[in-house]
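Here the structure is laid out as structure tokens; the discussion comes afterwards.
Side chains included, hydrogens not; waters and symmetry mates left out as well; all remaining heavy atoms used. All of these numbers come straight from a predicted model, not from anything done at the bench. Here is how names work: the chains are called A, B, and so on, in the same order as the sequence lines, proteins then strands, and each is numbered from 1.
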Amino acid sequence: MSGFPDDIPFFDEDDPTPPPPAAQKPSGIAARAMAARSGGPDTRYLDALNPEQRLAVETTEGPVLVLAGAGTGKTRVLTTRIAHILASGRAYPSQILAVTFTNKAAREMKMRIGTLVGEAIEGMPWLGTFHSIGVKILRKHAELAGLKSSFTILDTDDQIRLMKQIIQAEGLDDKRWPPRQFAQMVDGWKNKGLAPKDIPEGDARAFANGKGRELYAAYQDRLKTLNAVDFGDLLCHPIRILRDHPDVLADYHRKFRYILVDEYQDTNTAQYMWLRLLAQRPKSTEPVNICCVGDDDQSIYGWRGAEVDNILRFEKDFPGAAVIRLERNYRSTAHILGAASHLIAHNEGRLGKTLFTEQSDPDDPKVKVHAAWDSEEEARAVGEEIEALQTKGHALNDIAILVRASFQMREFEDRFVTLGLNYRVIGGPRFYERMEIRDAMAYFRIVAQAADDLAFERIVNVPKRGLGEASVRQIHDVSRMREATLLQAARDLVGTEEMKPKPRASLRTLVDNIERWQGMLDRTPHTELAEIILEESGYTDMWKNDRSAEAPGRLENLKELIRSMEDYDSLRGFLEHVALVMDAERDEELDAVSLMTLHSAKGLEFPTVFLPGWEEGLFPHQRALDEGGRSGLEEERRLAYVGLTRAKRNLHLWFASNRRIHGLWQSTIPSRFLDELPEAHVDVAEESNSYGGYSAGQPGRPNPYGKSRFDDQPAFSNSYATPGWQRAQKNRTEATTRNWGNRSGHQVERIGYGEADSGYGAGRGSVKGRVIEGELVAKSVSDTPSSFKVGDRVFHLKFGNGNVAAIEGNKLTINFDKAGQKRVLDGFVERV
DNA sequence: GTCCGCTACCTTTTT
DNA sequence: GGTAGCGGAC
């Protein structure tokens, strides 16, 4: 989403002089750092390290793999290593390539290196995300990829809209072949570095009756004409450039003396290829100074193309590599580490690390496992516990709730709202993804880069100005005929009689406006221009006249957008920033509980952590099991490991016996991961309102640990047919029975809560109203028509006799004689 | 051209 | 049960 002038200098911040031999005196930061130590070398920064960390920092030459367990000081090692390379005069800042995955990580590294070296570093031009460095390379060599250096970066939304156009242009039905799905396929290919001609036949055939390859090629063509790239291209184009142009590659080889990679376990194939190209010097015996830092146990992004194998294979890829393990943990208590280590040990195919701590205190609390009747009670109990902590003076900022899936957040939010407890959701819809922001940005884009057709399309009728589908089609036709941009086509069209007077007039106003704004681009301060655009286009008015609840917030966001533009010195600079840096900072002032998914919690830590929803089907997620088999399960287990290791001191795991899944209440069984925790470090909470123990047959006690009850499944190819699943089903029945046995006792308590709690129990009846309308079964929803007929007399284990009133797939609506009307799965009733 | 109601979805997410 | 996105009605 950004335009860039062709003449922008890319390497101006780089040192133009040839690289110094290590002994020679460097300039810039390194020189300052060296100058600072008048006597012997000032290596005080090394004193803060433990022996392993120090080894990782001082092994500067040759390939190094640092296996850094959770909380072992990974970032410290990375930043100190860079500081060390600089301070010892081994390289200029511009000769170090340091890649991260997120902007946040890059920012943090920059800051910490700055602190170590004693000055803010302006001079680390090659520290950034894979994507931002990709942009940099691509802008410099755009013509080698058939682009102009002013290319635009499309985000996912633009990408999907473009795909839609292409699918329709091919005469295909976009219902049958959803653009979103195709975008995902293309993403997958790009993650593997595959061009249209490289994709496997099977893949090509899988979409649109074998048209997958053509569509992909058409999409790439279209991008080229638009002078645009998507996120995947930011990796793929540089790879192709480096591979096809040895002279260019050689330049970068000369340039980068040290390469550092953060979170190496998350790299995908394309990123791996990119790194290999830059790191390997085929015709030289010169050692490759590449240092990858990562933790195979925290690889949780396989589903988006990350290859754990990259880290597992490192020693083969880089012969003679030093492998350094960081296992000394500074974050968590021995109980938490014990639990996490024991859990992760159930995974195969890991490099193997065991975290330990030297700070052990007999007072440390064990990991607590809690049972709740259902997800509402889970939220309520966690809320109470947090209130209790707050009363004791615990800061809410020190507390986090980490969920497997974002729908779980709702109940906690609801609960916190009623309690008046401050909370913040991390990782929700991002600022720059909001509609109003994207609209405004589209206006800025079309002004900054007139060829940005996608931007033009987005705003042509926002606010509504009577330019609907018909008008847009006309513009498109002209644009195709004349091979002109949409804006040019629109300009031409208003000069003819082709449009009806009304749309023509409003299109003329729009085009006039855009051209006027373009004329102002270089003469008007960009924040001022931005305000003018939003004002004159009628965009601000649109929201001012909107009476919906969100409108004021949207206006506020627009103001915030303008405010944030002040940090950049031009509209173009701002657009470039936004294309890549899609995050907004959080409000640090507020004392609030953090609520987020396990995925977004990676890298964070909190004194107190709640992990709700440890149930089969949710965590591990059924879909991970179905689609990922054994490796899917292992990734879920790593996710559990990530969750556990976020906690510093207090760790609470929860599971509920009943949860609403796709609208139906289902009975659930505790997660197998609970069985995989070591008894020695875990306490099962015996709350007054607890609903029985979590382990089949041993209420209140964990299973003897070691082998999980699911462990000896050969494979999960069809998880429902495996002995493990059968057993799970059996256990499930036992658990359910037990829960039902307990039920009435809890119901009383529940009703007490229920009265105070708005609408609690309403619609689900009173005492008998805690309806379990199904159970965690494989086919909770199925297209297979039920064998029942309307009017059939049936029997249900819990609800008794009734008549089938309606059938929807395998879901039956039954009028029970005593329990009233319920919807249940057909597997739970039998004909009588 | 716009609005509303129905249907199909429903894991995780960065750039 | 909640929502997004599409198609039909005005």
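Regarding contacts with the backbone of B:dT15, every side-chain N or O of A:Ser132 stays at 4.0 angstrom or more from both OP1 and OP2. In this structure, A:Lys104 does not reach the B:dT13 phosphate: none of its side-chain N or O atoms is under 4.0 Å from OP1 or OP2. Put simply, A:Ser406 has a side-chain N or O that comes within less than 4.0 Å of OP1 or OP2 on B:dT12.
Stacking between A:His662 and B:dC10 is shown: the ring centroid lies under 5.5 Å from the centre of the six-membered base ring, and the planes differ by under 30°. Residue-nucleotide stacking is not present for A:Tyr301 and B:dT13, judged by a side-chain ring centre under 5.5 Å from the six-membered base ring centre and planes under 30° apart.
Salt bridge A:Asp158/A:Arg161: present, at least one basic N to carboxylate O contact under 4.0 Å. Remark: A:Glu469 engages A:Arg473 in a salt bridge, criterion side-chain N to carboxylate O under 4.0 Å. Contact check on A:Glu634 versus A:Arg630 returns a salt bridge, with a Lys/Arg side-chain nitrogen under 4.0 Å from an Asp/Glu carboxylate oxygen. Comment: A:Asp295 does not engage A:Lys74 in a salt bridge, judged by the lack of any side-chain N to carboxylate O separation of less than 4.0 angstrom.
If you measure from atom CZ of A:Phe407 to atom P of B:dT13, you get 13 Å, rounded to the nearest angstrom. Residue A:Arg107 contributes atom CZ, which lies 9 Å from atom P of B:dT15 at whole-angstrom precision. Taking atom CZ on A:Phe151 and atom C1' on B:dT15, their separation rounds to 13 Å, with Å as the unit. One atom, CD of A:Glu634, and another, C1' of B:dT12, lie 18 Å apart when rounded to the nearest Å. At whole-Å resolution of the value, CG in A:Asp157 and C1' in B:dT13 are 15 Å apart. Between the CG atom of A:Asp374 and the C1' atom of C:dG1 there is a distance of 15 Å, given to the nearest Å. Between A:Met596 atom CE and B:dT12 atom C1' there is a gap of 14 Å when expressed in whole angstrom units. A:Ile300 places its CD1 atom 12 Å from the C1' atom of B:dT14, with the value rounded to the nearest Å.
Which of B:dG1, B:dT13, C:dG1 sits closest to the side chain of A:Arg660 comes down to C:dG1. Considering only side-chain atoms of A:Ala470, the nucleotide from B:dG1, B:dT12, B:dC10 that sits closest is B:dG1. Among the nucleotides B:dT12, C:dC6, B:dT15, the one closest to any side-chain atom of A:Thr102 is B:dT15. The listed nucleotides are B:dT15, B:dT13, B:dT11; the one nearest the side chain of A:Thr156 is B:dT15. For A:Trp303, the side-chain atoms get nearest to B:dT13 when compared with the rest of B:dT15, B:dT13, B:dT11. Nearest to the side chain of A:Arg623, among B:dC3, B:dC10, B:dT15, sits B:dC10. Here C:dG5 is the nucleotide among C:dG1, C:dG5, B:dT12 with the atom lying nearest to any side-chain atom of A:Arg180. The side chain of A:Thr597 approaches B:dT13 more closely than any other nucleotide in the set B:dT11, B:dT13, B:dT15. Nearest nucleotide to the A:Arg410 side chain, out of B:dT12, C:dT3, B:dG1: C:dT3. Proximity note for A:Arg304 (side chain, C-beta onward) versus B:dT15, B:dT13, B:dT11: the nearest is B:dT13.
More than 12 heavy atoms of other residues, nucleotides or ligands lie within 6.0 Å of NZ in A:Lys602, so this atom counts as buried by the packing criterion.
B:dT11 has its base syn relative to the sugar, with a glycosidic angle deviating from 0 by at most 90°.
Nucleic acid contact class of A:Glu635 (heavy atoms, under 4.0 Å, all strands): none. Among the heavy atoms of the strands lying under 4.0 Å from A:Asn461 are primed sugar atoms or P, OP1, OP2 only; no base atom is included. Among the protein residues, A:Lys500 comes within range of no part of the nucleic acid, since none of its heavy atoms lies under 4.0 Å from any strand. When heavy atoms are screened at a 4.0 angstrom cut-off, A:Glu411 is found touching no nucleic acid atom at all.
Closest of all the heavy-atom pairs between A:Leu343 and A:Tyr641 is CD2-N, 3.8 Å.
Remark: the separation of the C1' atoms in B:dT12 and C:dG5 is 23 Å, to the nearest Å.
Ring pair A:Phe130/A:Trp274 is perpendicular by interplanar angle, where above 60° counts as perpendicular and below 30° as parallel.
If A:Leu467 and A:His621 are placed on DNA chain B by their nearest nucleotide, the residue sitting closer to the 5' end is A:Leu467.
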